[in-house]
A.B. asks: 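One structure follows; several queries about it will come next.
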There are 2 protein chains.
Amino acid sequence: MSDVDLKRRRPTINDVADRAGVAIGTVSRYLNGGEIRKSNRRQIEEAIEALGFTRNAAAASMKSAKTGIIGFLVPTFDEFHASLLNHLAPLFRSTGHTMLTYSHEEDPRLFEDAMAFFVSQRVDALIAAGIPKADELLAGCVESGIPAVIYNNDVRGLFLDRVFVDNAKVVTRAINHLIEVGHTKIAICSGREEESTGAERREGYEAALTANEIFLRQDYIVSGDWSVESGYSAAQTLMSLKDPPTAVFAANYQMTVGILEWMREHSMRTPQDLALVSFDDVDLFRLYDEGITAIAQPVSQIAQAIASYAVSRIENTDLPNIRSRTLQCDIILRGSSGRSVRNREG
Amino acid sequence: MSDVDLKRRRPTINDVADRAGVAIGTVSRYLNGGEIRKSNRRQIEEAIEALGFTRNAAAASMKSAKTGIIGFLVPTFDEFHASLLNHLAPLFRSTGHTMLTYSHEEDPRLFEDAMAFFVSQRVDALIAAGIPKADELLAGCVESGIPAVIYNNDVRGLFLDRVFVDNAKVVTRAINHLIEVGHTKIAICSGREEESTGAERREGYEAALTANEIFLRQDYIVSGDWSVESGYSAAQTLMSLKDPPTAVFAANYQMTVGILEWMREHSMRTPQDLALVSFDDVDLFRLYDEGITAIAQPVSQIAQAIASYAVSRIENTDLPNIRSRTLQCDIILRGSSGRSVRNREG
DNA sequence: TTGTAAGCGTTATCAT
DNA sequence: ATGATAACGCTTACAA
């Protein structure tokens with residue numbers, strides 16, 4: 001049968017058993033780390049080596065419930081997720097799990113595809129950022145009994161573990177800092193308000209102004225959509241006002257990049273022409289000019305919380321309560337929020 | 001049996017068939033898009049909905065050879081890979097494939113784990129950056145008949161499709177640019193020379209100097225390991241020379257960040273104090289000061305080449321020849337390589 | 001310790 | 001178009 005040559009049928013546990021002169025049960029036990037007579041062990045190892053056998057995970061996972069796979073639904077491979085994934089991978093690895101990613105680009109249809117895919121793969125757990133409309137989709141996963149952990153955006157009313165950061169609180173602190181330095185004309189370039197991160201960051205902004213009895217000017221509140229472009233046009237909008245702000249808080253990294261681009265094109269510098277504080281901290285902010293003051297998410301802690309929730313649910317399928325963890329962010333003070341020359345209120 | 005409630009046994013095609021009052025073969029045909037009598041179709045859809053059935057991919061892939069999965073062995077989620085993955089995902093999606101990532105952190109053991117995992121999952125194809133020692137590992141995958149595409153670093157002697165960029169050529173052009181602007185004391189912070197990208201980028205550097213009859217000073221050649229730290233110490237080393245360079249080429253993004261950090265700490269600016277050209281282009285380089293001249297890899301084209309090689313091999317398992325594609329990079333001229341005041345050779 | 005055999009949830013091949 | 005049934009490659013009792 002040259003058929004074997006052509007089709008390259010992969011060797012199975014049967015082939016290994018044949019060649020080693022033992023039963024398939026023995027080979028299986030060998031593969032799963034059971035006790036094997038020394039001579040047989042050698043035979044089996046020889047056979048596996050010679051045949052180039054590798055266990056078919058699909059077949060294996062049909063009997064044993066666990067696949068060892070944890071599926072991560074990545075919105076997009078941005079800096080935050082890149083960092084999060086880099087932290088998460090070793091954590092899952094150390095508990096014997098394999099993390100696989102599937103990117104959905106925040107498209108609900110792709111999110112659904114991703115979910116369906118992971119469910120069909122019978123992953124042991126799912127990690128996802130809550131996105132608008134995710135609730136219905138995640139509900140199905142909850143019903144099917146697959147443990148899931150969500151982060152970033154809340155999804156109400158589902159039996160899921162959650163890991164968040166205290167967006168509102170840290171933003172309030174950041175705005176307070178701008179106020180202390182002398183700013184009163186403080187604008188915000190906010191993210192999508194349908195997402196709880198977007199809403200919370202804006203709430204934090206408003207809370208700070210209110211607490212300091214600074215009037216909430218609607219023209220200082222510009223809604224972005226997290227994108228670089230929306231940051232760029234927010235800067236444009238704000239700086240075209242008759243009474244432009246002296247400081248702006250941008251609710252994420254990308255929008256800050258957009259703002260910086262606009263400023264560069266208009267030869268404006270920070271903090272002299274506009275003070276700046278950004279959510280998320282990246283290389284750029286450390287190196288840019290005198291530095292961009294930024295809110296750093298505790299990525300390592302976030303990763304740890306996610307991993308521990310996921311793994312504990314896998315190992316103990318009937319933990320009765322939802323767990324929820326809200327972590328604190330740090331503010332990294334840099335030049336962009338420094339005292340500026342001409343920003344004292346007249 | 002409350003057993004069902006507790007264990008939450010997932011509904012199978014059998015349960016669906018029972019409830020719909022048809023045979024499992026019919027349900028299977030429905031699932032795979034076959035012709036079904038209208039009344040039955042309705043019954044089946046009702047049953048699937050009511051039961052919350054989802055096909056078990058593992059079971060399915062036991063009979064049909066294809067899994068529809070393409071495995072990507074990611075070294076680390078850095079900016080280049082983030083971008084590459086973002087480009088690749090939709091391409092594979094459009095051909096009906098699912099791209100999954102597994103990160104190996106350039107650790108040969110993890111690389112091996114990743115390979116074994118994907119092979120055991122019977123992925124349809126594998127994408128990997130060549131890493132040193134990858135050859136032995138990838139050899140196994142070639143033997144087992146899984147098509148693979150490698151990029152970035154070459155791995156000689158294996159039947160694999162390859163996608164590269166012309167590292168040497170573009171670096172030569174970049175160095176020529178520095179020479180044209182008046183530099184002769186040009187240093188390099190090179191990457192790992194065991195990797196072909198590292199070696200080629202250095203070769204490009206040397207070729208430019210040689211062609212311009214500039215003596216190759218060994219003290220201007222500092223070996224880094226691609227990391228931020230190695231860039232930082234390279235800057236330190238170079239600028240401590242009695243006769244320091246006036247320009248430096250850094251072989252990747254991270255090392256440039258390290259160099260910039262060192263320069264910032266020592267209040268040096270670019271290009272006045274040190275001209276700079278970097279491999280890889282990122283937000284930072286566009287926004288930094290007067291900008292950092294950078295070599296931009298054609299990520300979109302790289303993704304397209306990878307996807308087309310992978311998909312064509314999956315669809316036609318016996319393409320006789322290895323395909324190889326070498327793409328050209330662009331040089332984005334910015335301020336950091338501008339004519340500097342005090343860099344004319346004395 | 002080992003062999004035997006019964007599944008696991010699909011797909012595919014038959015008749016019908 | 002549908003139903004019955006034999007694989008697919010493995011794990012896991014159970015018997016030996």
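Within every chain, numbering begins at 1; the chains are lettered A, B, ... in the order of the sequence lines, protein sequences first and strands thereafter.
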A.B. asks: If you look only at pairs with a residue in residues 74-84 of chain A, which of them pass as a side-chain hydrogen bond (donor to acceptor under 3.5 Å, both in side chains), with sequence neighbours excluded?
C.D. replies: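 For residues 74-84 of chain A: A/Thr76-B/Asn86, A/Asp78-A/His81, A/His81-A/Tyr151.
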A.B. asks: Which distance, rounded to the nearest 0.5 Å, do you find between the CD1 of A/Ile146 and the CG of A/Leu160?
C.D. replies: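 Reported value, rounded in 0.5 Å steps: 11.5 Å.
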A.B. asks: Would you classify B/Tyr30 as touching base, sugar-phosphate or nothing, given that sugar-phosphate means primed atoms plus P, OP1 and OP2, and contacts are heavy atoms under 4.0 Å?
C.D. replies: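 The answer is nothing, as B/Tyr30 stays clear of every strand by at least 4.0 Å.
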A.B. asks: Name each donor-acceptor pair under 3.5 Å that joins a side chain in residues 21-36 of chain B to protein atoms two or more places apart or in another chain, with its distance.
C.D. replies:
{"from": "B/Ser28", "atom 1": "OG", "to": "B/Asn32", "atom 2": "ND2", "distance (Å)": "3.4"}
{"from": "B/Arg29", "atom 1": "NH1", "to": "B/Glu35", "atom 2": "O", "distance (Å)": "3.2"}
{"from": "B/Tyr30", "atom 1": "OH", "to": "B/Glu45", "atom 2": "OE2", "distance (Å)": "3.0"}
{"from": "B/Asn32", "atom 1": "OD1", "to": "B/Arg55", "atom 2": "NH2", "distance (Å)": "2.9"}
{"from": "B/Asn32", "atom 1": "ND2", "to": "B/Ser28", "atom 2": "O", "distance (Å)": "2.8"}

A.B. asks: Where the side chain of B/Ala59 is defined as all heavy atoms beyond and including C-beta, which of C/dT11, C/dT10, D/dT11 is the nearest nucleotide?
C.D. replies: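 Of all the options, the side chain of B/Ala59 is nearest to C/dT10.
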A.B. asks: Rounded to whole Å, please give me the gap between CZ in A/Arg55 and C1' in D/dG9.
C.D. replies: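 To the nearest whole Å, that distance equals 11 Å.
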A.B. asks: Does a side-chain N or O of A/Ser28 approach OP1 or OP2 of D/dT11 to a distance below 4.0 Å, or not?
C.D. replies: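 So the side-chain polar atoms of A/Ser28 do come within 4.0 Å of the phosphate oxygens OP1 or OP2 of D/dT11, strictly under.
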A.B. asks: Check every atom of C/dT10, D/dT11, D/dG9 against the side chain of A/Thr12 and return the nucleotide holding the closest atom.
C.D. replies: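 Between C/dT10, D/dT11, D/dG9, the one nearest the side chain of A/Thr12 would be D/dG9.
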A.B. asks: Begin with the C-alpha distance, continue with both residues' side-chain angles, and end with the deciding distance and a verdict on side-chain contact (heavy atoms from CB on, under 4.5 Å) for B/Phe164 and B/Leu327.
C.D. replies: CA-CA 6 Å; B/Phe164 302 125; B/Leu327 299 160; over 6 Å; no
A.B. asks: For B/Asp15 and C/dG9, what is the distance between atoms CG and P respectively, to the nearest whole Å?
C.D. replies: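 Roughly 8 Å, once rounded to whole Å.
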A.B. asks: Would you call B/Asp135 and B/Arg156 a salt bridge, using N to O less than 4.0 angstrom?
C.D. replies: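 No salt bridge links B/Asp135 with B/Arg156.
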A.B. asks: Does D/dT11 have its OP1 or OP2 closer than 4.0 Å to a side-chain nitrogen or oxygen of A/Asn32?
C.D. replies: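 Yes.
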A.B. asks: If you take any heavy atom closer than 4.0 Å to DNA chain C, which residues from residues 41-51 of chain B end up in contact?
C.D. replies: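 Those residues: none at all.
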A.B. asks: Could you identify which residues of residues 116-126 of chain B place a heavy atom less than 4.0 Å from some atom of DNA chain D, listed by residue number, or say none?
C.D. replies: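 Under 4.0 Å from DNA chain D: no residue of residues 116-126 of chain B.
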A.B. asks: Of all the choices, D/dT11, C/dC8, C/dA12, which nucleotide is nearest to the side chain of B/Lys63 once you look at every atom?
C.D. replies: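 When the side chain of B/Lys63 is considered, C/dA12 is the closest of D/dT11, C/dC8, C/dA12.
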A.B. asks: I want to check something: taking the side chain as every heavy atom from C-beta on, are A/Val16 and A/Thr12 in contact at a cut-off of under 4.5 Å?
C.D. replies: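 No, every pair of side-chain atoms sits at 4.5 Å or beyond.
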A.B. asks: Under 3.5 Å, is there a donor on one side chain and an acceptor on the other for A/Thr197 and A/Asn153?
C.D. replies: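 On atom types as modelled, these side chains qualify, holding a pair under 3.5 Å.
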A.B. asks: Run the ring-ring contact (aromatic ring centres under 6.0 Å, His included) test against B/Phe92 and tell me which residues pass, sequence neighbours left out.
C.D. replies: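 Here no residue qualifies.
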A.B. asks: Starting at atom CG of B/Asp18, determine the distance to atom C1' of C/dG9, rounded to an integer number of angstrom.
C.D. replies: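 Going from CG in B/Asp18 over to C1' in C/dG9 covers 14 Å.
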A.B. asks: Whole angstrom is fine here: how far is it from CZ in B/Phe53 over to C1' in C/dG9?
C.D. replies: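 So the two atoms are 8 Å apart, to the nearest Å.
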A.B. asks: Side chains of residues 99-115 of chain B: which donor-acceptor partners sit under 3.5 Å, not counting sequence neighbours?
C.D. replies:
{"from": "B/Thr101", "atom 1": "OG1", "to": "A/Thr101", "atom 2": "OG1", "distance (Å)": "2.5"}
{"from": "B/His104", "atom 1": "ND1", "to": "B/Glu106", "atom 2": "N", "distance (Å)": "3.0"}
{"from": "B/Glu105", "atom 1": "OE2", "to": "A/Arg93", "atom 2": "NH2", "distance (Å)": "2.4"}
{"from": "B/Asp107", "atom 1": "OD1", "to": "B/Arg109", "atom 2": "N", "distance (Å)": "2.7"}

A.B. asks: Which residues satisfy the side-chain contact (heavy atoms from CB on, under 4.5 Å) test with B/Thr67, sequence neighbours excluded?
C.D. replies: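 B/Thr67 satisfies side-chain contact (heavy atoms from CB on, under 4.5 Å) with B/Ser61, B/Ile69, B/Arg122, B/Asp124 only.
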A.B. asks: From CG of B/Asn56 over to P of D/dC10, roughly how many Å is that when rounded to an integer?
C.D. replies: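 In whole Å, D/dC10 P and B/Asn56 CG are 16 Å from each other.
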A.B. asks: Tabulate atom names and distances for all N/O pairs under 3.5 angstrom spanning the protein and nucleotides 1-5 of chain C.
C.D. replies:
{"from": "C/dT1", "atom 1": "O3'", "to": "A/Arg37", "atom 2": "N", "distance (Å)": "3.4"}
{"from": "C/dT2", "atom 1": "OP1", "to": "A/Arg37", "atom 2": "N", "distance (Å)": "3.3"}
{"from": "C/dT2", "atom 1": "OP1", "to": "A/Asn40", "atom 2": "ND2", "distance (Å)": "2.3"}
{"from": "C/dT2", "atom 1": "OP2", "to": "A/Arg37", "atom 2": "N", "distance (Å)": "3.0"}
{"from": "C/dG3", "atom 1": "OP2", "to": "A/Ala23", "atom 2": "N", "distance (Å)": "2.8"}
{"from": "C/dG3", "atom 1": "OP2", "to": "A/Thr26", "atom 2": "OG1", "distance (Å)": "2.5"}

A.B. asks: Listed by chain and number, what are the side-chain contact (heavy atoms from CB on, under 4.5 Å) partners of B/Ala139, not counting sequence neighbours?
C.D. replies: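 Partners of B/Ala139 by the side-chain contact (heavy atoms from CB on, under 4.5 Å) criterion, ordered by chain and then number, come out as B/Leu158.
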A.B. asks: Quick one: side-chain contact (heavy atoms from CB on, under 4.5 Å) partners of A/Asn316, sequence neighbours excluded?
C.D. replies: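 Per chain and number, A/Asn316 pairs via side-chain contact (heavy atoms from CB on, under 4.5 Å) with A/Asp318, A/Leu319.
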A.B. asks: In chain order, what residues pass the side-chain contact (heavy atoms from CB on, under 4.5 Å) check against B/Ala82, with sequence neighbours excluded?
C.D. replies: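 With neighbours one apart ignored, the set is A/Phe77.
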A.B. asks: How many Å lie between NZ on A/Lys66 and C1' on C/dC8, as a whole number?
C.D. replies: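 Interatomic distance, NZ of A/Lys66 to C1' of C/dC8: 15 Å.
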A.B. asks: Quick check for you: to the nearest 0.5 Å, what is the distance between A/Ile302 atom CD1 and A/Gln304 atom CD?
C.D. replies: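 Interatomic distance, A/Ile302 CD1 to A/Gln304 CD, rounded to 0.5 Å: 11.0 Å.
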A.B. asks: To the nearest Å, how far apart are A/Ile13 CD1 and D/dC10 C1'?
C.D. replies: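 So the CD1-C1' distance, A/Ile13 to D/dC10, works out to 6 Å.
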A.B. asks: Determine to 10° how strongly the helix from C/dT1-D/dA16 to C/dT16-D/dA1 is bent, judged from the axes of its five-pair ends.
C.D. replies: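 Axis angle across the helix from C/dT1-D/dA16 to C/dT16-D/dA1, nearest 10°: 30°.
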